[in-house]
**Student:** 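Got a structure here, written out as structure tokens. Questions coming.
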Amino acid sequence: MPSRLMPKADIEALFARFEAANPHPQTELNYTSPFTLLVAVVLSAQATDAGVNKATKELFAAAPTPQAMCALGEEEIRQHIKTIGLFNTKAKNVFALSKILAKDYGGTVPKDRAALEALPGVGRKTANVVLNVAFGEPTMAVDTHIFRLANRLGLAPGKTPRAVEDGLLKRIPARYMRHAHHWLILHGRYICKARKPECARCLVRDLCRYPDKTG
DNA sequence: AACTCGGGGCA
DNA sequence: TGCCCAGAGTT
């Protein structure tokens, strides 16, 4: 099996291109604060982004803070997110974590991995997104897109999300860590798709270590 | 590390 | 129908 590890120089070039093409990448998830970001990511688990975007727009208009979310109540939350997958569990989790944030953290989102991962519905991936996007910490959130791209491109091949996360942290230059998550996730969503990657439109095709390039 | 959970989207 | 999705929780 040929090495699929992308050379460091190529990784530099890859992110330089992403940065040139999209200097200020933004997630498509609808959020305006650490709290709404946290909830948006919790809701996005195993759900399509279009549905989550619509649901969060409604939900956050009604309740943009933990206190407001508590006042809204679990049943009302459920009604707002009824169009996305796993809405039952997610409504329960959003209500429960809002209560915890309101009671134990004065309505703020803790800038602390252990505290975040202790919240219902929040795992390592969600905690990393919040730490990176909301608080600017150098973490890499490995979701299905990032996991796929790390292996396809050869950025940090690995069998488990944690192995990929560690590899990405080591191999991505520090100055790109702040936006790497957004660049990769948008690339995975629209170009390097799971089913039919559109290599013909790919900005970094010549750097890619994916053996089955098409298009 | 592997399995379960549990809805909608899309081929 | 069958497989996938911007995962988390449990065993």
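Predicted model only: the values in this text are computed from it and were never measured. Here is how names work: the chains are called A, B, and so on, in the same order as the sequence lines, proteins then strands, and each is numbered from 1.
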**Student:** Hey, does A:Leu29 reach any base, or is it just sugar-phosphate, or nothing, if we go heavy atoms under 4.0 Å?
**Tutor:** base
**Student:** From CG of A:Leu38 over to C1' of C:dA8, roughly how many Å is that when rounded to an integer?
**Tutor:**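 Interatomic distance, CG of A:Leu38 to C1' of C:dA8: 13 Å.
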**Student:** Angle between ring planes, A:Phe15 versus A:Trp183, binned at 30° and 60°: parallel, tilted or perpendicular?
**Tutor:**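 Ring orientation of A:Phe15 relative to A:Trp183: tilted.
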**Student:** Specify the separation, in whole Å, of atom CG of A:Asn88 and atom C1' of C:dG9.
**Tutor:**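 So the CG-C1' distance, A:Asn88 to C:dG9, works out to 16 Å.
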**Student:** When you check the gap from the basic side-chain N to the acidic O, do A:Lys99 and A:Glu74 get nearer than 4.0 Å?
**Tutor:** no
**Student:** Assuming nearest nucleotide by heavy-atom distance, tell me which of A:Ala194 and A:Leu119 is located more 5' along DNA chain C.
**Tutor:** A:Ala194
**Student:** With heavy atoms under 4.0 Å as the rule, sort A:Pro161 into base, sugar-phosphate or nothing.
**Tutor:** nothing
**Student:** Check the distance between C:dG7's P and A:Leu43's CG and give it to me in whole angstrom.
**Tutor:** 12 Å
**Student:** What nucleic acid atoms does A:Gly121 come within less than 4.0 Å of, heavy atoms only: base, sugar-phosphate, or nothing?
**Tutor:** sugar-phosphate
**Student:** On DNA chain B, reading 5' to 3', which nucleotide is the first and which the last to sit with an atom under 4.0 Å from a heavy atom of chain A, could you check?
**Tutor:**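 Going 5' to 3' along DNA chain B, contacts run B:dA1 to B:dG8.
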**Student:** Whether A:Glu12 and A:Lys8 form a salt bridge (side-chain N of Lys/Arg under 4.0 Å from carboxylate O of Asp/Glu) is what I want to check.
**Tutor:** no
**Student:** Would you call A:Arg148 and A:Asp143 a salt bridge, taking side-chain N to carboxylate O under 4.0 Å as the test?
**Tutor:**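 So A:Arg148 does not pair with A:Asp143 through a salt bridge.
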**Student:** Any chance CD of A:Gln26 has more than 12 other-residue heavy atoms, nucleotides or ligands included, within less than 6.0 Å?
**Tutor:**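 Check fails, neighbour count at 12 or below.
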**Student:** Do any side-chain nitrogens or oxygens of A:Thr126 fall under 4.0 Å of OP1 or OP2 in C:dA8?
**Tutor:** yes
**Student:** NA contact type, A:Gly85, heavy-atom cut-off 4.0 Å: base, sugar-phosphate, or nothing?
**Tutor:** base
**Student:** Starting at the 5' end of DNA chain C, which residue's closest nucleotide do you reach first, A:Ala127 or A:Arg148?
**Tutor:** A:Arg148
**Student:** Once you round it to whole Å, what is the distance between P of C:dC5 and CD of A:Glu28?
**Tutor:**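 Answer to the nearest Å: 16 Å.
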**Student:** Can A:Asp166 and A:Arg171 be said to form a salt bridge (Lys or Arg N to Asp or Glu O under 4.0 Å), step by step?
**Tutor:** CA-CA 9 Å; A:Asp166 292 341; A:Arg171 295 173 53 77; over 6 Å; no
**Student:** Can you confirm whether A:Lys82 is buried at NZ, in the sense that more than 12 heavy atoms of other residues, nucleotides or ligands lie under 6.0 Å from that atom?
**Tutor:** yes
**Student:** Give a yes/no on whether any side-chain N or O of A:Thr89 is located under 4.0 angstrom from OP1 or OP2 of C:dA8.
**Tutor:**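 So the side chain of A:Thr89 is outside the cut-off, no N or O lying under 4.0 Å from OP1 or OP2 of C:dA8.
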**Student:** Rounded to the nearest angstrom, tell me the gap between atom CG in A:Leu86 and atom C1' in C:dC5.
**Tutor:** 10 Å
**Student:** To the nearest Å, give me how far apart NZ (A:Lys125) and P (C:dG9) are.
**Tutor:**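 The answer, rounded to whole Å, is 13 Å.
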**Student:** Closer to the 5' end of DNA chain B via nearest nucleotide, is it A:Thr160 or A:Arg195?
**Tutor:** A:Thr160
**Student:** Does the side chain of A:Asn151 pick up a donor-acceptor pair with the side chain of A:Arg4 at under 3.5 Å?
**Tutor:**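 No, no side-chain donor-acceptor contact under 3.5 Å.
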**Student:** Just checking A:Val122: base, sugar-phosphate only, or nothing, at a heavy-atom cut-off of under 4.0 Å?
**Tutor:** sugar-phosphate
**Student:** Could you state the atom-to-atom distance from CG of A:Asp143 to C1' of C:dA8 in whole Å?
**Tutor:** 14 Å
**Student:** In whole angstrom, what separates A:Asn93's CG from C:dA8's C1'?
**Tutor:** 8 Å
